[in-house]
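One-based numbering along the sequence shown.
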Amino acid sequence: MKITHDVAERSTCLRRRVGALIVMEKRILATGYNGAPSGLRHCAETGCLREKLKVPSGERQEICRALHAEQNAIIQAARHGVPICDATLYCTTQPCVTCAKMIINADIRRVMFEGDYPDTLALEMLNEAGITLDRFTP
């Protein structure tokens, strides 16, 4: 989990720094952090629309410029042709419902997360899909 926190330091999000790792057989396959898509201006330059509108955490994600750490890790694996079926995803924060759906379809089998995120539907869907959820406590 320490490495996941190190990856989160690369985050360009103004509200929350999140890091993710996809691991199989004790090997890191891909990493991701939350931030703007490649080549686009970061929130430090554009400002955070969700912050300006006082949108609570876990709501109105569609107006955010950033991708989530889990999304970026899955995309990096796909971009580089790295199979992640049956892998474990480590994340500094519980996945949201959008990330949960991607995790399910990527056939990731286990999610180890540390911090809370206000999204019970995500937990319900991950449980329904039979994905093992483990909360990391330092």
Side-chain angles (χ1 to χ4, degrees):
M1 206 47 127
K2 164 111 174 53
I3 296 170
T4 307
H5 283 278
D6 290 343
V7 170
E9 291 300 312
R10 298 205 58 204
S11 170
T12 60
C13 179
L14 299 174
R15 292 180 76 164
R16 180 190 299 251
R17 291 184 176 274
V18 180
L21 301 175
I22 299 175
V23 175
M24 190 178 316
E25 298 174 2
K26 300 182 182 181
R27 289 185 40 219
I28 297 171
L29 303 177
T31 65
Y33 55 87
N34 57 330
S38 298
L40 298 187
R41 293 177 297 150
H42 298 296
C43 300
E45 298 173 65
T46 64
C48 176
L49 181 57
R50 294 179 70 227
E51 192 68 31
K52 288 176 190 169
L53 297 174
K54 299 186 183 340
V55 176
S57 183
E59 296 178 18
R60 300 289 320 271
Q61 295 168 10
E62 74 279 2
I63 63 171
C64 179
R65 291 182 63 82
L67 284 95
H68 286 186
E70 304 95 319
Q71 294 168 340
N72 273 323
I74 291 168
I75 291 166
Q76 286 305 309
R79 186 172 181 209
H80 296 287
V82 177
I84 58 174
C85 180
D86 298 326
T88 296
L89 184 136
Y90 290 82
C91 194
T92 56
T93 305
Q94 175 209 305
C96 72
V97 71
T98 302
C99 291
K101 291 184 273 188
M102 290 181 71
I103 289 165
I104 293 164
N105 277 1
D107 217 7
I108 291 170
R109 301 309 323 149
R110 179 176 176 234
V111 174
M112 170 75 77
F113 67 94
E114 189 173 43
D116 289 324
Y117 193 75
D119 195 333
T120 55
L121 180 58
L123 295 176
E124 290 171 16
M125 291 181 79
L126 290 166
N127 280 316
E128 182 180 343
I131 294 172
T132 303
L133 294 170
D134 292 314
R135 180 182 210 92
F136 177 80
T137 49

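Under a cut-off of 6.0 angstrom, the local environment of CZ in Arg10 is sparse, with at most 12 non-hydrogen atoms contributed by other residues, nucleotides or ligands. Under a cut-off of 6.0 angstrom, the local environment of CZ in Arg135 is crowded, with over 12 non-hydrogen atoms contributed by other residues, nucleotides or ligands.
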Inset, instruction - Show your working on side-chain contact (heavy atoms from CB on, under 4.5 Å) between Met125 and Ile104 and close with a plain yes or no. - result: CA-CA 8 Å; Met125 291 181 79; Ile104 293 164; 4.1 Å; yes
Legend entry - Full working for side-chain contact (heavy atoms from CB on, under 4.5 Å) between Arg110 and Leu89: CA-CA 6 Å; Arg110 179 176 176 234; Leu89 184 136; over 6 Å; no
Inset, instruction - Show your reasoning for whether side-chain contact (heavy atoms from CB on, under 4.5 Å) applies to His5 and Met1. - result: CA-CA 6 Å; His5 283 278; Met1 206 47 127; 4.3 Å; yes
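Inter-residue side-chain proximity for Asp134 and Thr88 is flagged as unmet; no heavy-atom pair is nearer than 4.5 Å. When side chains are defined from C-beta on, Ser11 does not count as touching Val18, because their heavy atoms never get closer than 4.5 Å. Using a 4.5 Å cut-off on side-chain heavy atoms (C-beta onward), Leu49 and Val55 make no contact.
The CG atom of Asn127 lies 11.0 Å from the OG1 atom of Thr120; values are rounded to the nearest 0.5 Å. A distance of 9.5 Å separates CG in Leu67 from CG in Leu40, rounded to the nearest 0.5 Å. Here OG1 of Thr4 is found 9.5 Å from CE of Met112. Values are rounded to the nearest 0.5 Å. Expressed to the nearest 0.5 Å, how far SG of Cys91 lies from CD of Glu114 amounts to 10.0 Å.
Under the 4.5 Å side-chain heavy-atom criterion for ILVMFWY residues, a single connected hydrophobic cluster contains both Leu29 and Ile74. Cluster annotation: Tyr90 is connected to Tyr33 through the hydrophobic network of ILVMFWY side chains, with a link wherever side-chain heavy atoms come within less than 4.5 Å. Placement of Ile75 and Ile22 in two distinct hydrophobic clusters is found when ILVMFWY residues are connected by side-chain heavy-atom separations under 4.5 Å, directly or transitively. Both Leu121 and Leu133 belong to a common hydrophobic cluster when Ile, Leu, Val, Met, Phe, Trp and Tyr are linked at side-chain heavy-atom distances under 4.5 angstrom. Leu21 and Val111 fall into different hydrophobic clusters, where Ile, Leu, Val, Met, Phe, Trp and Tyr residues are linked whenever their side-chain heavy atoms come under 4.5 Å apart, directly or through other members.
Scanning all heavy atoms of the two residues, the minimum distance from Tyr117 to Gly58 falls at OH-CA, 3.2 Å. Listed here is the closest heavy atom pair of Asp107 and Arg109: OD1-NH1, 3.0 Å. The two residues Cys43 and Thr12 have their closest heavy-atom pair at CB-O, 4.0 Å. Listed here is the closest heavy atom pair of Arg15 and Pro56: NH2-C, 4.0 Å. Nearest heavy atom pair, residue Arg50 against residue Cys64, reads CD-CB, 3.6 Å. For the residue pair Ser57 and Pro118, the shortest heavy atom distance occurs at O-CG, 3.2 Å.
Proximity of a side-chain donor or acceptor of Asn34 to a complementary backbone N or O of Ala66 within less than 3.5 Å is not detected.
Not a single salt bridge (charged side-chain N to carboxylate O under 4.0 Å, His left out) links Glu45 to another residue, sequence neighbours left out.
The stretch residues 65-76 participates, sequence neighbours left out, in these side-chain hydrogen bond (donor to acceptor under 3.5 Å, both in side chains) pairs: Gln76-His80.
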